[in-house]
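As structure tokens, the structure follows; a few thoughts come after it.
All heavy atoms count here, side chains included; hydrogens, waters and symmetry mates do not. Everything numeric here is computed off the predicted structure, so don't read it as measured data.
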Protein chains: 2
Amino acid sequence: MNISDVADKSGLPAKTIRYYEDIGFIKPKRLPNGYRDFENVELHKLAFIGRARSLGFSIEDCRTLLELYNDTSRASADVKQVAQHNLKEIEDKIADLKAMHATLSHLIDECAGDHRPDCPILDSLGNTVLTKSLS
Amino acid sequence: MNISDVADKSGLPAKTIRYYEDIGFIKPKRLPNGYRDFENVELHKLAFIGRARSLGFSIEDCRTLLELYNDTSRASADVKQVAQHNLKEIEDKIADLKAMHATLSHLIDECAGDHRPDCPILDSLGNTVLTKSLS
DNA sequence: CATAGGGCCTCCAGCAACTGGAAGGTCAAG
DNA sequence: CTTGACCTTCCAGTTGCTGGAGGCCCTATG
């Protein structure tokens, strides 16, 4: 199986697959002409990584998950811990974004959005720290 | 005012301030010994950028906002448009993260988290695409 | 006056996680 | 035989900094 087949089936770009080889996720065999020759196990791993990445796991998380995946004697608790850590990070990011959203939408509501140069958004961005530091 | 004062007052690390000079946000004067010599207007701009960055505006957004900020004849509508575009991106990110959160917390709930090797999290990561591509 | 400690300078490298492009080998079809 | 689609490697760029090396500069203390 060559790289474009694997790209199609895994949903990952060929570039990304080569990158994943570079960082040691897979080690496909080579044909005499130098082309990579993938087997199902590599496709399987790539699909696994792609799905984990889409769930927000970092590359290092994926490395850990792959090891756990390959280790048939691992405890499910180990995997759960990685997943829970990831879940917490997702929750933190959501909280941050919601705070940004609240502030920004408040500013936008206050802005007339017309042709006058007066703008509460810029005023707020400029003044908040100014009053704190330049008083 | 030297760089560490500005770092303290703006809340930005000195490294970041030098970086912001590199990319053209500020152009502080230099003392005869080569040290940067900041005036209030630069501190003001840095604080502005810092606050915009913390609200999720990209560097390029900040460049646009700074131009609008410096242009006293601009219409507040221009600023509002940048802010609204940014708000939409924040909303999209929140939606993505919520979807990840739902999937991941579902998987975590199903995982026993004990010493048995059986783990629905890994099963799901491994099988979803497998069934699609290797059937 | 020498020295120790900070602070400041520039430049180079690296983080994540790819992505794009150049330069070139390979292969199958017409 | 040529065309065009593959494949290869390697290098550079992306975003927004951050760390470190190597080296001035400035002040304070003995």
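- Rounded to 10°, the angle separating the first-five-pair axis and the last-five-pair axis of the helix from C:dC1-D:dG30 to C:dG30-D:dC1 equals 30°.
- Protein chain A contacts DNA chain C from C:dA17 to C:dC27, reading 5' to 3' and using non-hydrogen atoms of the protein with a distance under 4.0 Å.
- Mapping heavy-atom proximity under 4.0 Å, the span of DNA chain D touched by chain A runs 5' to 3' from D:dC6 to D:dC10.
- Contacts of B:Arg18 with the nucleic acid, taken as non-hydrogen atoms under 4.0 Å apart, include base atoms.
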(request) Output, in order, the C-alpha distance, side-chain angles, deciding distance and verdict of salt bridge (Lys or Arg N to Asp or Glu O under 4.0 Å) for A:Glu42 and A:Lys45. (result) CA-CA 5 Å; A:Glu42 271 109 23; A:Lys45 280 189 189 180; over 6 Å; no
Atom pairs and distances, side-chain donor-acceptor, residues 86-93 of chain B, under 3.5 Å, sequence neighbours left out:
| residue | atom | partner | partner atom | Å |
| --- | --- | --- | --- | --- |
| B:Asn86 | ND2 | B:Gly56 | O | 3.2 |
| B:Lys88 | NZ | B:Asp92 | OD1 | 3.1 |
| B:Lys88 | NZ | B:Asp92 | OD2 | 2.9 |
| B:Glu89 | OE2 | B:His85 | NE2 | 3.2 |
| B:Glu91 | OE2 | A:His101 | NE2 | 2.7 |

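- The minimum heavy-atom distance between A:Pro13 and A:Ala7, with the atom names listed, is C-CB, 4.4 Å.
- B:Ile59 places a side-chain heavy atom less than 4.5 Å from the side chain of B:Arg53.
- A distance of 11.5 Å separates CD of B:Glu67 from SG of B:Cys62, quoted to the nearest 0.5 Å.
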Pair up each side-chain donor or acceptor in residues 21-30 of chain A with any protein partner under 3.5 Å, not counting sequence neighbours, and list the distances.
| residue | atom | partner | partner atom | Å |
| --- | --- | --- | --- | --- |
| A:Glu21 | OE1 | A:Arg36 | NE | 2.4 |
| A:Glu21 | OE1 | A:Arg36 | NH2 | 3.3 |
| A:Glu21 | OE2 | A:Arg30 | NH2 | 3.3 |
| A:Lys29 | NZ | A:Glu39 | OE2 | 2.5 |
| A:Arg30 | NH1 | A:Gly34 | O | 3.0 |

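- Nucleic acid contact class of B:Ile3 (heavy atoms, under 4.0 Å, all strands): sugar-phosphate only.
- Each of B:Arg53 and A:Asp37 lies near DNA chain D, and the nucleotide nearest A:Asp37 is the one positioned closer to the 5' end.
- For A:Asp5, the side chain to side chain contact (heavy atoms under 4.5 Å, CB included) partners are A:Met1, A:Asn2, not counting sequence neighbours.
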